[in-house]
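Chain naming here is simple, since letters A, B, ... match the order of the sequence lines and numbering starts at 1 in each.
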Number of protein chains: 2
Amino acid sequence: MSKLDDRGLEYVAKYFKALAEPMRLKVLNELREGEKNVGQLKELAGSTQANVSKHLSLLSDYGLVKRESRGNCVYYSIADPSVYEICELVCGQISNRLILEADIKKLFSSAQQSST
Amino acid sequence: MSKLDDRGLEYVAKYFKALAEPMRLKVLNELREGEKNVGQLKELAGSTQANVSKHLSLLSDYGLVKRESRGNCVYYSIADPSVYEICELVCGQISNRLILEADIKKLFSSAQQSST
DNA sequence: TGACTATACAACTATATAGTAATATAGTTG
DNA sequence: CAACTATATTACTATATAGTTGTATAGTCA
């Protein structure tokens, strides 16, 4: 990464952006066990068909998942398992930081401080 | 990651979001060689002081960089070098995909489709 | 003290996109 | 063919945030 030009940095940033969404992480997580179609993912992710479909096409555009149409359904699967390595590394960093719970709380203050 | 609840997924997504910005990646990249102050980073990143400062405080909030005030300057450094491992993995995935240039182009068509 | 430098912050505009609702497309089955 | 199912797409609203500008704070030096 040290020798990436601006264009390269944009590529990388876009890749991270694809992962910067809890719903997409959830979908990727479900695909860990193998391919699933949109209907299954919709149930597992607890979202709507349109929403899941949109996230899936984004993930597909970014090359994170593969599409395969079979009969009446479209099956999605992980394109490159190294995405999980990346997530594990992030989880490692995060669990380190969970020790400093106070710092983390700051990040989510806007999302949960509603109960005043 | 497989056993993360919704809150955990949000943490992870937020972490990725912190990395999903070319300017912040550039700053992290510059910090690879060691700590730097805001003025230096501003020059290296080719942006304004306010802009760099804002990105730095975000990175600091997310625990990606450390702050240290010394004299007149504030020096930033990488909090956890494993962020570079993450980036390397992403770069690996991306360079794999660069072979399929056509697919990538689609992602950036809006940004660059002027130069055929 | 006042002038200067480095950093942070607040207010703003513009853009991106998450999620929703409705519609369209494509395959299946009778 | 019509009716049905699965998925995709379009148009929309609401929200988040990138980047800018101007200002505030804090340290340094004369």
Item to check | A:N37 backbone acceptor or donor facing A:Q40 side chain under 3.5 Å | outcome: yes
Could you go through nucleotides 23-25 of chain D and list every protein N or O atom that sits under 3.5 Å from one of its N or O atoms, giving the distance for each pair?
none

Checklist entry - Considering residues at least two apart in sequence or located in another chain, which fulfil the side chain to side chain donor-acceptor pair (under 3.5 Å) criterion with B:D80? => result B:S82
Next on the checklist: Can you see if the side chain of A:S53 gets near the phosphate of D:dT7 - specifically, an N or O under 4.0 Å from OP1 or OP2?
Outcome noted: no
Can you list, pair by pair, the side-chain donor-acceptor contacts under 3.5 Å of residues 43-52 of chain B, counting residues two or more places apart and other chains?
{"from": "B:S47", "atom 1": "OG", "to": "B:N51", "atom 2": "ND2", "distance (Å)": "2.8"}
{"from": "B:T48", "atom 1": "OG1", "to": "B:N51", "atom 2": "N", "distance (Å)": "3.2"}
{"from": "B:N51", "atom 1": "OD1", "to": "B:H55", "atom 2": "NE2", "distance (Å)": "3.3"}

Item to check | Spacing between A:N37 atom CG and C:dG27 atom P, to the nearest angstrom | outcome: 16 Å
Checklist entry - Touch check for A:R67, heavy atoms < 4.0 angstrom, all strands: base, sugar-phosphate only, or nothing? => result sugar-phosphate
Checklist entry - How long is the line joining CG of B:L59 and C1' of C:dA8, in whole Å? => result 15 Å
Item to check | Set of salt bridge (charged side-chain N to carboxylate O under 4.0 Å, His left out) partners for B:K42, sequence neighbours left out | outcome: none
Checklist entry - Is there a side-chain contact between A:F16 and B:I86, using heavy atoms and a 4.5 Å cut-off? => result yes
Item to check | Passing candidate, side chain to side chain contact (heavy atoms under 4.5 Å, CB included) with B:R24, options B:N29, B:V65, B:L58, B:L56 | outcome: B:L58
Item to check | Interatomic distance where CD belongs to B:E10 and P belongs to D:dA16 [whole Å] | outcome: 12 Å
Checklist entry - In dot-bracket notation, what is the pairing pattern of DNA chain C, taking Watson-Crick (N1-N3 plus N6-O4 or O6-N4) and G-U wobble (N1-O2 and O6-N3) contacts under 3.5 Å, with [ ] crossing and | for other strands? => result ||||||||||||||||||||||||||||||
Checklist entry - What distance do A:K26 atom NZ and B:E10 atom CD have between them, rounded to the nearest 0.5 Å? => result 9.5 Å
Checklist entry - Is a side-chain donor or acceptor of A:Y15 paired with a backbone partner of A:L64 at a separation under 3.5 angstrom? => result no
Item to check | Protein-nucleotide distance (B:L56, atom CG; D:dA18, atom P), rounded to Å | outcome: 13 Å
Please tabulate, one pair per line, all N/O donor-acceptor pairs under 3.5 Å involving side-chain atoms of residues 68-75 of chain A, not counting sequence neighbours.
{"from": "A:E68", "atom 1": "OE2", "to": "A:R70", "atom 2": "NH1", "distance (Å)": "3.4"}
{"from": "A:R70", "atom 1": "NH1", "to": "A:E35", "atom 2": "OE2", "distance (Å)": "3.4"}
{"from": "A:R70", "atom 1": "NH2", "to": "A:E35", "atom 2": "OE2", "distance (Å)": "2.7"}

Could you write out each protein N or O paired with an N or O of nucleotides 17-20 of chain C at a distance under 3.5 Å?
{"from": "C:dA18", "atom 1": "OP1", "to": "A:R24", "atom 2": "NH1", "distance (Å)": "3.3"}
{"from": "C:dA18", "atom 1": "OP1", "to": "A:R24", "atom 2": "NH2", "distance (Å)": "3.2"}
{"from": "C:dA18", "atom 1": "OP2", "to": "A:R24", "atom 2": "NH1", "distance (Å)": "3.2"}
{"from": "C:dG19", "atom 1": "OP2", "to": "A:H55", "atom 2": "NE2", "distance (Å)": "2.6"}
{"from": "C:dG19", "atom 1": "N7", "to": "A:K54", "atom 2": "NZ", "distance (Å)": "2.6"}
{"from": "C:dG19", "atom 1": "O6", "to": "A:K54", "atom 2": "NZ", "distance (Å)": "2.8"}

Checklist entry - Taking NZ from B:K42 and C1' from C:dT5, how many angstroms apart are they, rounded to a whole number? => result 10 Å
Checklist entry - Excluding sequence neighbours, so at least two apart, what forms side-chain contact (heavy atoms from CB on, under 4.5 Å) with A:A79? => result A:K66
Item to check | Side-chain touch A:L19/B:L19, heavy atoms, less than 4.5 angstrom | outcome: no
Checklist entry - Which parts of residues 72-80 of chain B get close to DNA chain C, meaning a heavy atom less than 4.0 angstrom away? => result B:N72, B:C73, B:V74, B:Y76
Checklist entry - Are the side chains of B:Y84 and B:I78 in touch, meaning some heavy atoms are under 4.5 Å apart? => result yes
Next on the checklist: For A:K54, give me all partners under salt bridge (charged side-chain N to carboxylate O under 4.0 Å, His left out), at least two apart in sequence or on another chain.
Outcome noted: none
